[in-house]
Chemist: 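Got a structure for you, questions after.
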Number of protein chains: 2
Amino acid sequence: MRIGELAARAGVSVRSVRYYEEQGLLSSVRSGSGQRHYTDEEVERVAFIQRLYSAGLSSRTIAELLPCVDSPSEEHSEAALERMAQERDRLSAHIDDLVRTRDTLDKLMDTAREYRDRHFRAPVPQD
Amino acid sequence: MRIGELAARAGVSVRSVRYYEEQGLLSSVRSGSGQRHYTDEEVERVAFIQRLYSAGLSSRTIAELLPCVDSPSEEHSEAALERMAQERDRLSAHIDDLVRTRDTLDKLMDTAREYRDRHFRAPVPQD
DNA sequence: CTTGCCTCTGACGTCAATGTCAGGTTTTAG
DNA sequence: CTAAAACCTGACATTGACGTCAGAGGCAAG
């Protein structure tokens, strides 16, 4: 498939796909006229890249992880495993942080609801 | 305390504190010479703002939430509650996304470890 | 063949939070 | 008193993942 279809199927923009290639996260086979062609597998790959981005990883970090995903071989296996473990930990920490923030928000909402109910109207069952 | 101490205590840069004020997230009492002065409470506030930022909220969104935090009153209570619920949901979705990504990373690491152990050395107890 | 859509490269624009610098005032320590 | 350190405003720089546009070429349908 060509880049438009890939982008649509993966749910990203055409611009992003080109950007991923520029960053070395994705490769393409070029037709004689220079157009990029992809296989079905690339759809998943692009989607996965997106998820890593939205997990807060940078292009550089993703570029360091993907080779391990592609071909687990001796050369990068150890380094990549460490890198992945490290990013996994960062991710875990971030998740914990978000959960704490969500808890804080929950408490704030409870407070606000209580206040509202006490002052402005009868209590309602919460959600 | 002055801005330097506040920033240090809250773990952010002086620049950021000024920026928060510029965005209406924080207020300060000015001394005669124009220097900002803060109370201990502001330290927590700044730290909380930081957490909202790192949770992916924008200045604008934070600005919409903080008034509710400060003084739950009729005027913004309903709207702010909705806003908070909405952001809470966004946050939850994001957390779920991150957890899924972490799971994927875990699986990748398992695969890599298996590969390594099968090909290059005797199995070791995992972690 | 032509019309319309897709693609190409390359470059500049954007946005948000923050860094950084300049040029000047204020506060603090010795 | 004086030098260092901290603060002020204002403005421009940066970073990263894109958006967007220009100008040119590719490709299927009628």
Side-chain angles (χ1 to χ4, degrees), chain A residues 1-39 42-43 45-66 87 90-91 94 97-98 101, chain B residues 1-39 42-43 45-66 87 90-91 94 97-98 101:
Chain A
M1 82 195 74
R2 291 188 298 169
I3 196 172
E5 188 179 345
L6 173 69
R9 282 220 250 165
V12 305
S13 70
V14 167
R15 177 67 172 92
S16 296
V17 174
R18 293 204 191 100
Y19 179 72
Y20 300 162
E21 180 171 328
E22 191 183 319
Q23 299 299 307
L25 312 180
L26 190 67
S27 61
S28 59
V29 173
R30 301 300 189 100
S31 72
S33 61
Q35 301 208 338
R36 296 169 176 85
H37 284 85
Y38 303 93
T39 66
E42 322 285 339
V43 176
R45 186 185 183 90
V46 169
F48 183 56
I49 290 173
Q50 254 300 309
R51 289 177 51 197
L52 291 178
Y53 270 121
S54 81
L57 306 202
S58 68
S59 290
R60 230 174 54 78
T61 305
I62 298 177
E64 291 175 34
L65 297 190
L66 286 181
E87 286 308 320
R90 246 183 36 80
L91 195 49
H94 190 205
D97 211 55
L98 293 188
T101 301
Chain B
M1 84 195 72
R2 293 187 298 169
I3 196 172
E5 188 180 345
L6 174 69
R9 282 222 249 162
V12 306
S13 71
V14 167
R15 177 68 173 92
S16 294
V17 174
R18 295 207 189 98
Y19 179 71
Y20 299 163
E21 180 171 330
E22 191 183 319
Q23 298 299 306
L25 311 179
L26 190 66
S27 60
S28 60
V29 175
R30 300 301 188 102
S31 73
S33 61
Q35 301 207 339
R36 296 169 177 86
H37 285 83
Y38 303 93
T39 67
E42 321 284 338
V43 177
R45 188 186 181 88
V46 169
F48 182 55
I49 290 172
Q50 253 300 308
R51 287 175 54 196
L52 291 177
Y53 270 122
S54 82
L57 306 202
S58 68
S59 291
R60 229 173 55 77
T61 305
I62 298 176
E64 290 174 37
L65 297 189
L66 285 180
E87 287 306 321
R90 246 182 37 79
L91 196 48
H94 191 203
D97 212 55
L98 293 189
T101 300

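Since the structure is predicted, the reported quantities are computational estimates derived from the model, not experimental observations. Lettering of chains follows the sequences in order, A, B, ..., and the numbering in each one begins at 1.
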Chemist: Would you say that A:Glu64 contacts A:Glu87 through its side chain, given a criterion of any heavy-atom pair below 4.5 Å between the two side chains?
Modeler: no

Chemist: Would you say A:Arg36 places a side-chain N or O within less than 4.0 Å of OP1 or OP2 belonging to C:dC8?
Modeler: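 The answer is yes; a side-chain N or O of A:Arg36 sits under 4.0 Å from OP1 or OP2.
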
Chemist: In whole angstrom, what separates A:Met1's CE from C:dT7's P?
Modeler: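 Interatomic distance, CE of A:Met1 to P of C:dT7: 12 Å.
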
Chemist: Which part of the nucleic acid, if any, lies within reach of A:Ser31 when heavy atoms closer than 4.0 Å are counted: base, sugar-phosphate only, or nothing?
Modeler: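 Here A:Ser31 touches no strand at all.
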
Chemist: Measure from CD on B:Glu21 to P on C:dA17 and round the result to the nearest Å.
Modeler: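 The distance from CD of B:Glu21 to P of C:dA17 comes to 16 Å, rounded to the nearest Å.
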
Chemist: Would you mind classifying the nucleic acid contact of A:Arg30 as base, sugar-phosphate or nothing, using non-hydrogen atoms under 4.0 angstrom?
Modeler: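 If one applies the 4.0 Å heavy-atom cut-off, A:Arg30 turns out to touch the sugar-phosphate alone, with no base involved.
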
Chemist: When the distance from CG of A:Leu52 to P of D:dA17 is rounded to whole Å, what number comes out?
Modeler: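 Checked: the CG to P distance equals 12 Å.
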
Chemist: Looking at CZ of B:Arg51 and OG1 of A:Thr101, how far apart are the two atoms once the value is rounded to the nearest 0.5 Å?
Modeler: 4.0 Å

Chemist: Quick check: do B:Thr39 and B:Met1 have side-chain heavy atoms less than 4.5 Å from each other?
Modeler: no

Chemist: Any N or O donor-acceptor pair linking the side chain of A:Arg18 to the base of C:dT9 at under 3.5 Å?
Modeler: no

Chemist: Below 3.5 Å, does any donor atom in the side chain of A:Arg15 face an acceptor in the base of D:dT20, or the other way round?
Modeler: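 Counting by modelled atom types and ignoring angles, a donor-acceptor contact under 3.5 Å is found here.
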
Chemist: Measure the distance from OH on A:Tyr53 to P on D:dA17 and round it to the nearest whole Å.
Modeler: 5 Å

Chemist: Expressed in angstrom and rounded to an integer, what is the separation of A:Glu22 atom CD from D:dC18 atom P?
Modeler: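 Taking atom P of D:dC18 as the reference, CD of A:Glu22 is at 12 Å.
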
Chemist: Would you please say whether a donor-acceptor pair under 3.5 Å links the side chains of A:Ser58 and A:Tyr53?
Modeler: no

Chemist: For A:Gln50, answer base if it contacts any base atom (sugar-phosphate contacts may also be present), sugar-phosphate if it contacts only those atoms, and nothing otherwise; contact means non-hydrogen atoms under 4.0 Å.
Modeler: sugar-phosphate

Chemist: Within the pair A:Tyr20 and D:dC18, is there a side-chain N or O less than 4.0 Å away from OP1 or OP2?
Modeler: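 Answer yes for this pair, as a side-chain N or O of A:Tyr20 is under 4.0 Å from OP1 or OP2.
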
Chemist: Considering only side-chain heavy atoms of B:Gln35, which listed nucleotide, C:dC8, C:dT18, D:dC8, is closest?
Modeler: D:dC8

Chemist: Any idea which of C:dT18, D:dC27, C:dT27 is nearest the B:Ser13 side chain?
Modeler: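 Taking heavy atoms from C-beta onward, the closest nucleotide is C:dT18.
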
Chemist: Any side-chain donor-acceptor pair under 3.5 Å between B:Ser28 and B:Glu21?
Modeler: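 The criterion, which ignores hydrogens and geometry beyond distance, is satisfied for B:Glu21 and B:Ser28.
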
Chemist: Without decimals, in angstroms, what is the distance between B:His37 NE2 and D:dA6 P?
Modeler: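 Computing the B:His37:NE2 to D:dA6:P distance gives 15 Å.
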
Chemist: Could you give the CG-to-P distance, from B:Leu57 to C:dA17, as a whole number of Å?
Modeler: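 One finds 10 Å between P of C:dA17 and CG of B:Leu57, rounded.
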
Chemist: Ignoring the backbone of B:Ser33, work out which of C:dT18, C:dT26, D:dA17 is nearest its side chain.
Modeler: C:dT26

Chemist: Rounded off to whole Å, could you give me the OH-to-C1' distance for the A:Tyr38 and C:dC8 pair?
Modeler: 12 Å

Chemist: Pick the closest DNA chain C nucleotide for A:Gly4 and for B:Tyr19 by heavy atoms, then say which residue is nearer the 5' end.
Modeler: A:Gly4

Chemist: Both B:Val14 and A:Arg2 contact DNA chain C. Taking the nearest nucleotide for each, which residue is further toward the 5' end?
Modeler: A:Arg2

